[in-house]
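Notes follow the structure.
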Amino acid sequence: MQVQSPPATQSNRLQLINQLSTPDGIPSECSRRAKTQIDLLLLAIEALDLGGAEAMLASAKELDLEEVIRGRVNLWLLRSSNPLRRFSQRQPMSQDEGKALVLITCFLARRLTVLIRQLLLGYQQLEDQGLSLDHHFRLSDYLARFRSHFRARMNAKRSAVIAYSSDEKLNELAIELLTKLLFCTGTNGADRLWMSLFDGEVS
Amino acid sequence: MTIRRQYQLPNCSLILDGLSIDPEPGNEEMMSLLVNAECRISGLERSLNGGYNFFAALVRAVSQYTQEVLSGFAHPQVTEGEPLLVHINPGDGPYHHLVIQPEIADLGDSGDGRAIDIKLSSVQLFDLTEAVDQFFDDRSTLPELQSELSPLPRRFVRTDEALSDRALPAILGFGGLVAATMAISVLPLPEVRDPSVAGLVDGADNSAEVQTADTAEATPPTGDGSEPAADGIAAANTASALWEEAPRITDERTLATLQTELQTQLDEAVDSDANFVDPLAYKVAVNEAGEVVGYQFDNDAALRDVDKTPLPRLARANAAAEGLEENAIAEYNVAFSADGIEVLPETTAVAALPEAEAETETTVAEPTETKPNPRAQANSTSANFTNEPPTTVSSLAEIESLNNQLKSTIVENREQPRVGESPAIYRVRVKDDGTVIGYQPVGEDAVEAVGETPLPDLLESAPEETPSVDYRVVFTERGVVEVSPWWGWSFYE
């Protein structure tokens, strides 16, 4: 008898996802805040790495997550579940999909570790000397790209987006996301990020 | 056996010295007893040293604070009930503050009894977190210390909400209340009518006739009890000083003008949706200025449905006037019916006048002659409009000159050109000297627009047999006045 898809294969494929723990009491779908956080972190990765969007698809393949992230459109739909998006899709994000995106985020962040550390050190030095962020070429490049990505894709009519109407506010957000990405590069980065998405969601 | 574990990162290293107390073979490498923990942070002159309590508090604080950085919600850094020995607070810009109480860490000779505050940059903090995470991953060192990652319960998130955020809904609500209060205070106070006034009017000594208007309103419109009370009022009105003592206006021109004015007033004041099923008959007293100063009921329906008519409203406007009975009044019979409002001179009143005024009787009585078209009568003057062509034929030149005269009279006397949605057409009767002695609106638009034309002001009364010519006067919707003979130019040629 020919067995086309041995059951063992599937469990192997989703091995990484299953490594992320599922704490008691968390909702079966990712919250609005979780969807927003994941999308913004991926946006920051795109601002760091010009080929970030392609790298996300490539890393989904590399991490054997294709079963959950089924191609470009599926990835776009998942990211568009961010309620701040201009063309926000009101669709749920399952736990597995959330975990897959968290894994991709951490995977890409780890590849960008050196750059992230450089930028944060540069930011720290500029702050110490009281200089504007334009003095660090690579950092101001990242900030400008993040701002343009954010403004192009987020719905400027939403109050949560209006809060980031100024360049300064958007720069703060970009630095905050950069810091979060740094913590994603760690040994337990994926676990920590995944858990942080449910802060305040459990009773 | 002494064991040393080192977790080294660029900005931070953790060095643990301990012992293995598990005698079983294979577990010799397991560090189960911590002797000293050393934490070296780049840029810091001395290292932090401490025992198991220090190290356990440090890894917990670091692990919890890292979650705070990721989610933005403050995590509790000690288990409840324990002293806060190691704590990390967010700082300005890229910095965080690691605060360590002196009793827990060995600070050497430099310790002055105060908590030490170490400023950590984000990268330094991350290296510390990474060292701690590597320690957590290393199951052969102090396995009882685990990261214990878990989402923050909801109750912690609520209390961390900024005060401004929590206060905002309350402030908005209160602000809305204040705004509404201010808006309402601008509105005028509603008039409160005291129902007890009704009782006073029944007395025979009420001097002001106009009070009957209020009385009639104050009388409950429903219930059988209102009927006898209303009869009482009607009786009082008939005997009131106004009707008994006030002198009557006898000049026929004034009477005709007042009649037209009253007609216009009532037409304008009556509710457009008022529906008079039963004909209502009133006697209405008008002073020389054309104001309604009093009225009496001529039938039961008039008493019942008085609120449907504009009379109480018009009469109340003059309620405050004094000496009403001393001023001359003109009496009219007013009938409200499904067809409209009809104003007729009060003939009986004139007949009852003293002999000195009797000579005017015949002229006053003139408009009450039988009319072929009561509707036309209701909306026009006392002039008798018929569909019969005039028997007296004037010359074409005369017609033409009167035509021009009428047009210029109207144009000169109008306040402003009338602009409406549709033209207003009138049949206007003119005496041979150019005086307007009657007019009749043609169509509903003309009835409504009569106040916008100078016709009521131009009107003068004249005997029935006065030689006259009828003209068609059109006030177009663009403010142009067009005048032409009613029977056409060809009639006179």
Side-chain angles (χ1 to χ4, degrees), chain A residues 20-27 31 33-34 36-37 41 102 105-106 109-110 113-114 116-130 133 159 171-173 175-203, chain B residues 7 9-12 42-43 59 62-76 90-96 119-138 146-162 164-165 168:
Chain A
L20 285 181
S21 58
T22 308
D24 294 339
I26 66 168
S31 65
R33 194 177 67 83
T36 310
Q37 275 300 312
L41 285 171
V102 163
T105 306
C106 293
R110 210 164 290 146
T113 302
V114 177
I116 293 171
R117 291 181 76 106
Q118 273 177 1
L119 294 185
L120 282 174
L121 279 173
Y123 167 64
Q124 179 191 335
Q125 284 162 2
L126 292 177
E127 282 284 307
D128 287 348
Q129 296 161 23
L133 302 181
S159 57
N171 286 350
E172 276 176 31
L173 176 65
I175 296 288
E176 189 189 310
L177 290 169
L178 200 60
T179 311
K180 287 178 181 175
L181 282 180
L182 176 67
F183 283 91
C184 291
T185 63
T187 310
N188 285 343
D191 249 332
R192 288 188 176 279
L193 176 60
W194 176 242
M195 284 299 169
S196 79
L197 296 179
F198 293 97
D199 269 2
E201 305 286 336
V202 298
S203 50
Chain B
Y7 309 98
L9 274 296
N11 289 302
C12 173
S42 65
V59 295
V62 168
S63 181
Q64 292 293 314
Y65 183 73
T66 300
Q67 291 309 102
E68 182 174 332
V69 169
L70 281 170
S71 75
F73 296 118
H75 280 243
D92 292 334
Y95 289 108
H96 315 266
K119 200 173 166 188
L120 294 175
S121 72
S122 291
V123 178
Q124 283 175 319
L125 175 68
F126 168 70
D127 284 347
L128 180 57
T129 303
E130 183 57 17
V132 168
D133 275 351
Q134 286 181 9
F135 157 75
F136 281 145
D137 259 19
D138 178 5
Q146 291 179 9
S147 69
E148 290 173 2
L149 284 180
S150 66
L152 193 65
R154 209 169 279 129
R155 60 194 164 99
F156 288 102
V157 176
R158 283 232 184 86
T159 51
D160 287 337
E161 207 175 335
S164 59
D165 291 348
L168 191 62

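Chain identifiers are assigned alphabetically (A, B, ...) following the order of the sequence lines, protein sequences preceding nucleic acid strands; residue numbering begins at 1 within each chain. Keep in mind that what you see is a predicted model, and the values were worked out from it rather than measured.
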Exercise. Contact part of Leu177(A) toward chain B, heavy-atom cut-off under 4.5 Å: side chain, backbone, both or neither?
Worked result: neither
Seminar exercise, completed: Heavy-atom closest pair (Glu127(A) atom, Pro94(B) atom, distance to 0.1 Å) is CG-CD, 3.9 Å
Exercise. Roughly how far, to the nearest 0.5 Å, is CD of Glu176(A) from OG of Ser122(B)?
Worked result: 10.5 Å
Exercise. Which bit of Asp127(B) comes within less than 4.5 Å of chain A, counting heavy atoms only: side chain, backbone, both or neither?
Worked result: side chain
For this session: Write down the atom of Glu201(A), the atom of Arg154(B), and the distance for their closest heavy-atom approach.
Result: O-NH2, 2.7 Å
Problem set entry | Ser121(B) and Gln124(A): side chain donor to acceptor below 3.5 Å | yes
Exercise. Side chain, backbone, both or neither: which part of Ser21(A) has a non-hydrogen atom closer than 4.5 Å to chain B?
Worked result: neither
Exercise. How long is the span from the CG atom in Leu149(B) to the OG atom in Ser196(A), to the nearest 0.5 Å?
Worked result: 9.5 Å
Problem set entry | Region of Ser150(B) in contact with chain A, defined by heavy-atom distances below 4.5 Å | backbone
Problem set entry | Among Glu172(A), Arg33(A), Gln37(A), residue most engaged with chain B (heavy-atom pairs, under 4.5 Å) | Arg33(A)
For this session: First locate atom OG1 of Thr179(A), then atom CG of Leu125(B), and finally report the distance between them rounded to the nearest 0.5 Å.
Result: 10.0 Å
Problem set entry | Derivation and outcome, side chain to side chain contact (heavy atoms under 4.5 Å, CB included), residues Gln67(B) and Phe183(A) | CA-CA 9 Å; Gln67(B) 291 309 102; Phe183(A) 283 91; over 6 Å; no
For this session: Name all residues meeting the ring pair (Phe, Tyr, Trp, His ring centres under 6.0 Å) criterion together with Phe198(A); count only those two or more places apart in sequence or in a different chain, and write none if there are none.
Result: Trp194(A)
Exercise. Can you name the salt bridge (charged side-chain N to carboxylate O under 4.0 Å, His left out) partners of Asp137(B), sequence neighbours left out?
Worked result: none
For this session: Determine the minimum heavy-atom distance between Met195(A) and Pro151(B), stating which atoms define it.
Result: SD-CD, 3.7 Å
Problem set entry | Exercise: do Ser71(B) and Asp199(A) side chains pair donor with acceptor under 3.5 Å | yes
For this session: For side chain to side chain contact (heavy atoms under 4.5 Å, CB included), just list the numbers for Tyr95(B) and Asp128(A), CA-CA rounded to whole Å, side-chain angles, deciding distance to a tenth of an Å, and then say yes or no.
Result: CA-CA 10 Å; Tyr95(B) 289 108; Asp128(A) 287 348; 2.6 Å; yes
Problem set entry | Stepwise side chain to side chain contact (heavy atoms under 4.5 Å, CB included) test for Val123(B) and Gln118(A) | CA-CA 9 Å; Val123(B) 178; Gln118(A) 273 177 1; over 6 Å; no
For this session: Report the C-alpha separation of Arg192(A) and Thr129(B) in whole Å, then their side-chain angles, then the decisive distance to 0.1 Å, and conclude whether the side chain to side chain contact (heavy atoms under 4.5 Å, CB included) test is met.
Result: CA-CA 11 Å; Arg192(A) 288 188 176 279; Thr129(B) 303; 4.0 Å; yes
For this session: Check Leu152(B) against Val202(A) and note the closest heavy-atom contact, atom names and distance.
Result: O-CG2, 3.7 Å
For this session: Could you tell me which non-hydrogen atom of Gln134(B) sits nearest to which non-hydrogen atom of Thr187(A), and how far apart they are?
Result: CG-OG1, 3.7 Å
